[in-house]
Amino acid sequence: MSLINAARVLTSTLDLDKVLHQLMQEVVRVIEGANSGILFIYDENRNKLVVKSGIGFDLEYLQKIALDVHEGMTGKTFSTKKGQIFRHMRDTTRAMENIQSENQSLFNKAVGAHQYPVSTICAPLLSKEGCIGVLTIDSFSEEVYFNSRDLLLLETFAAQATIAIENASLFAHQERSERIHSEMAAASLSHTGMKGINTTLSRLVQKETCVYNEHLEITASSSDEAENRGNGLRVHQEDELKDIMYNLQGISARHEADGAAFYLFPIQTDTITIGILVVFAKELDTLDQLAIDLGCSLFAREMMGQERIRTDLYNYEGYLLEQLFDQRIDMFSLPQRSLVGISEKSRFLCINLLISNDFLPFHELNRKRQVFNRLLYREVKHSHDKVLILDRNMEYDLLVIINDSRSEGAILEEFIRFFKDFNEKVQELMTFVFHAGLGRVFGQISEIQSSHRDAKRCAQYIRSRNNDEIIFSYKDLGIYRLFLKHERDELQEFVHDMIGPLLAYDEKHDSELFKTLKTYIECNQNMTSTAKASYVHLNTIKYRLQNIRDLLGKDSMEGKRIFELQMAIYMKEYLASS
């Protein structure tokens, strides 16, 4: 009848506490001599056996007990997955020798006396996944000794308890799954943004969480503590965060720092990682993972929505800049001029960026360019001046709008420093090559084409030099500005006409006539200064200069000819450097 009553309870309710309490009552009632009983459940996260239900004890103390998986009579039953009979007090005392002092104290308080049971039987709760707990029955009477028949009966009740726990777990799993889907959907529709989604996720998984954006800035956190821990991670785990963010590692991973465990989950689009979710936890179950997967999808959608708004603005500003390059300033309305920050007192600076990663596979180049693009817009946004950007795929045109009285030199120096710092940030994330050219600062928007042309020439010039420099200003070109406007063949022809015989002689005889001529002109045609600068005797300089006159003509060192020779020297150096 007890088994029938237990089965009836199983089918009448999904309230696990009620089912197990009724089961414990039937067990104690039906097994002769039983004074009390405890149902232990294995807590996988803690790797402990904890009390789920009890009868005949003070539950206030009993429920604080947490046994190791080999501790006491219960632990032995759990680890062996076999029913155990402890017939006499010597058996129970021996089996309880490895009980931890804290658990022993709690057990004594729960019993109300300092004694172990006289006789005990324990039955494992066995499911398809293994042992999920232990049902323990005690007798404190010296006249009662449990036997194998009692254990067999207890194992029958243990099977009933296993069914009850599995049913409740299945129901709870389904109920929690539905709640996760429902609440995450509600968070998505509530228009509370990243903060609302993160708050809901944190509540569902019952863990502290925070979210980094693509620049490793915290955009949402479940609490001040979570934000502080997130800021600490950004300092101490920067390499791991960057690996996930910029190397497209799509697999979540468990980490530890200062003894605290946490998980990192990439927030991704189809092509790039745009954020990272941090969950501060030692362990996550399958439903936690479900909630996190849904959360990451919602975070990605929210971030992409914000990105689309910014992109639309940048695209519109790029469209306006294209109109300026096409000399369509008259088409601008006053609101448009106000939007881009153009006033009657504005000055301007054109900048040209060239992407120089020609040999990268297309998919890798595309991914890196997206990271570069997003970082460029972010850094430019923090500039002192309003900057319009026109994205031409492998080339960017920038227009800086200056509304203060800084000198041209200060402005150029500021942007040279800006792009050097920007390049360091890019290289910290990935190997990516670009070159920047700065045009002239100008005061009338009608001059934009000239400054734009100058900026492009500087970018092309510095890219052609094949050195480590990444930025060059038109002002720094000096006399080279004149050469940028001419074809290379034309420049080479002039060099050949002016100093061709000199260069040919040096190549044939391994001499230094060209170097001597250059030094002589730089020393204002002073032979003594030239000798000192060349570390040779004065007579050697006289001899070399005579050879130069013989090769180039007797009038080669006079008036206009000396200027032409100097121009040829500059042209040769320009051609060599580019």
Strictly distance-based, threshold 3.5 Å: is any side-chain N or O of Asn228 a donor or acceptor partner for the main-chain N or O of Glu225? no

Could you give the distance from CG (Asp150) to OG1 (Thr120), rounded to the nearest 0.5 Å? 12.0 Å

Mind running side-chain contact (heavy atoms from CB on, under 4.5 Å) on Val51 and Phe57 for me, showing each step along the way? CA-CA 11 Å; Val51 175; Phe57 294 99; over 6 Å; no

Whether the side chain of Glu71 engages the backbone of Gln100 through a donor-acceptor N/O pair (distance < 3.5 Å, no angle test) should be reported. yes

Smallest separation among heavy atoms of Leu151 and Ile121, with atom names: N-CD1, 4.2 Å

Short side-chain to backbone donor-acceptor contact, Ser202 and Thr199, under 3.5 Å: no

Within-4.5 Å side-chain heavy-atom neighbours: Phe280 and Cys210: yes

Where the side chain of Thr92 meets the backbone of Pro117, is there a donor-acceptor pair that is under 3.5 Å apart? yes

Aromatic centroids of Phe422 and Phe434 separated by under 6.0 Å: yes

Do Val111 and Phe140 touch side chain to side chain, with heavy atoms closer than 4.5 Å? yes

Any donor-acceptor pair under 3.5 Å linking the side chain of Asp91 with the backbone of His88? yes

Roughly how far apart are His70 NE2 and Thr77 OG1, rounded to 0.5 Å? 12.5 Å

Would you say that Ile471 contacts Phe418 through its side chain, given a criterion of any heavy-atom pair below 4.5 Å between the two side chains? no

Going through the checks in order, is the side-chain contact (heavy atoms from CB on, under 4.5 Å) test met by Glu44 and Glu283? CA-CA 9 Å; Glu44 188 174 354; Glu283 301 290 342; over 6 Å; no

Mark yes or no for whether Asn103, through its side chain, and Ala66, through its backbone, hold a donor-acceptor pair below 3.5 Å. yes

Got a donor-acceptor contact below 3.5 angstrom from the Asn108 side chain to the Gln104 backbone? yes

Are more than 12 heavy atoms, taken from residues, nucleotides or ligands other than Glu102, located less than 6.0 Å from that residue's CD atom? no

Could you tell me whether the side chain of Ile99 reaches within less than 4.5 Å of the side chain of Leu67, counting heavy atoms only? yes

Below 4.0 angstrom, N of the basic side chain to O of the carboxylate: do Arg29 and Glu26 qualify? yes

From Asp138 CG over to Phe107 CZ, what is the distance, rounded to the nearest 0.5 angstrom? 5.5 Å

Using every non-hydrogen atom in the two residues, find where Ser127 and Thr162 come nearest and quote the distance to one decimal. CB-CG2, 4.1 Å

Report the C-alpha separation of Thr209 and Asn198 in whole Å, then their side-chain angles, then the decisive distance to 0.1 Å, and conclude whether the side-chain hydrogen bond (donor to acceptor under 3.5 Å, both in side chains) test is met. CA-CA 7 Å; Thr209 59; Asn198 186 62; 2.8 Å; yes

More than 12 heavy atoms from other groups under 6.0 Å of CG on Asp312: yes

How long is the straight-line distance from CG of Asn373 back to NZ of Lys368, given to the nearest 0.5 Å? 15.5 Å

Find out whether Ile389 and Glu317 are in side-chain contact, i.e. whether some heavy atom of one side chain is under 4.5 Å from a heavy atom of the other. no

Could Asp391 and Arg369 be called an ion pair, given the rule that one side-chain N must be under 4.0 Å from one carboxylate O? yes

Quick one: closest heavy-atom pair of Ala158 and Ala123, and the distance? CB-CB, 3.9 Å

Would you kindly check if the NZ (Lys) or CZ (Arg) of Arg234 is within the cone defined by 45 degrees around the ring axis of Tyr212 and under 6.0 Å from the six-membered ring centre? no

Test item: Lys48 side-chain N/O and Arg46 main-chain N/O as donor-acceptor pair under 3.5 Å: no

Would you say Met430 and Phe372 make side-chain contact, with heavy atoms under 4.5 Å? yes

Under 3.5 Å donor-acceptor, Ser177 side chain and Gln174 backbone: no

Should Lys425 and Glu379 count as an ion pair when the cut-off is N to O under 4.0 Å? yes

Taking CZ in Arg301 as the centre, count heavy atoms belonging to other residues, nucleotides or ligands within less than 6.0 Å. Is the count above 12? no

Do Arg378 and Glu214 sit within salt-bridge range, that is, some charged N less than 4.0 Å from a carboxylate O? no

Closest approach of Leu264 and Pro266, non-hydrogen atoms and distance? O-CD, 4.1 Å

Kindly determine whether Leu201 and Val279 satisfy side-chain contact (heavy atoms from CB on, under 4.5 Å), including the steps that lead there. CA-CA 10 Å; Leu201 174 61; Val279 180; 5.5 Å; no

Give me the atom names and distance for the closest heavy-atom approach of Thr80 to Lys76. OG1-O, 2.8 Å

Asp293 and Gln289: side chain donor to acceptor below 3.5 Å: yes

Does this structure show an ion pair linking Lys109 with Asp58, if we count only N-O contacts that are shorter than 4.0 Å? no

dist Phe157:CZ -> Leu135:CG (nearest 0.5 Å) comes out at 9.0 Å

Indicate the atoms forming the closest heavy-atom contact of Arg392 with Glu322, along with that distance. NH1-OE2, 4.4 Å

Short question: side chain of Ser139, backbone of Gly33 - any donor-acceptor pair under 3.5 Å? yes

So do Met73 and Thr136 actually touch side chain to side chain, heavy atoms under 4.5 Å? no

Please step through side-chain contact (heavy atoms from CB on, under 4.5 Å) for the pair Asp285 and Arg176, ending with a clear verdict. CA-CA 12 Å; Asp285 60 30; Arg176 187 182 171 206; 3.3 Å; yes

Interatomic distance, OG@Ser119 vs CE@Met89, rounded to 0.5 Å, equals 10.0 Å

Salt bridge or not for Asp43 and Lys52, using N-O below 4.0 Å? no

Does the side chain of Val371 reach to within under 4.5 Å of the side chain of Phe432, using non-hydrogen atoms? no

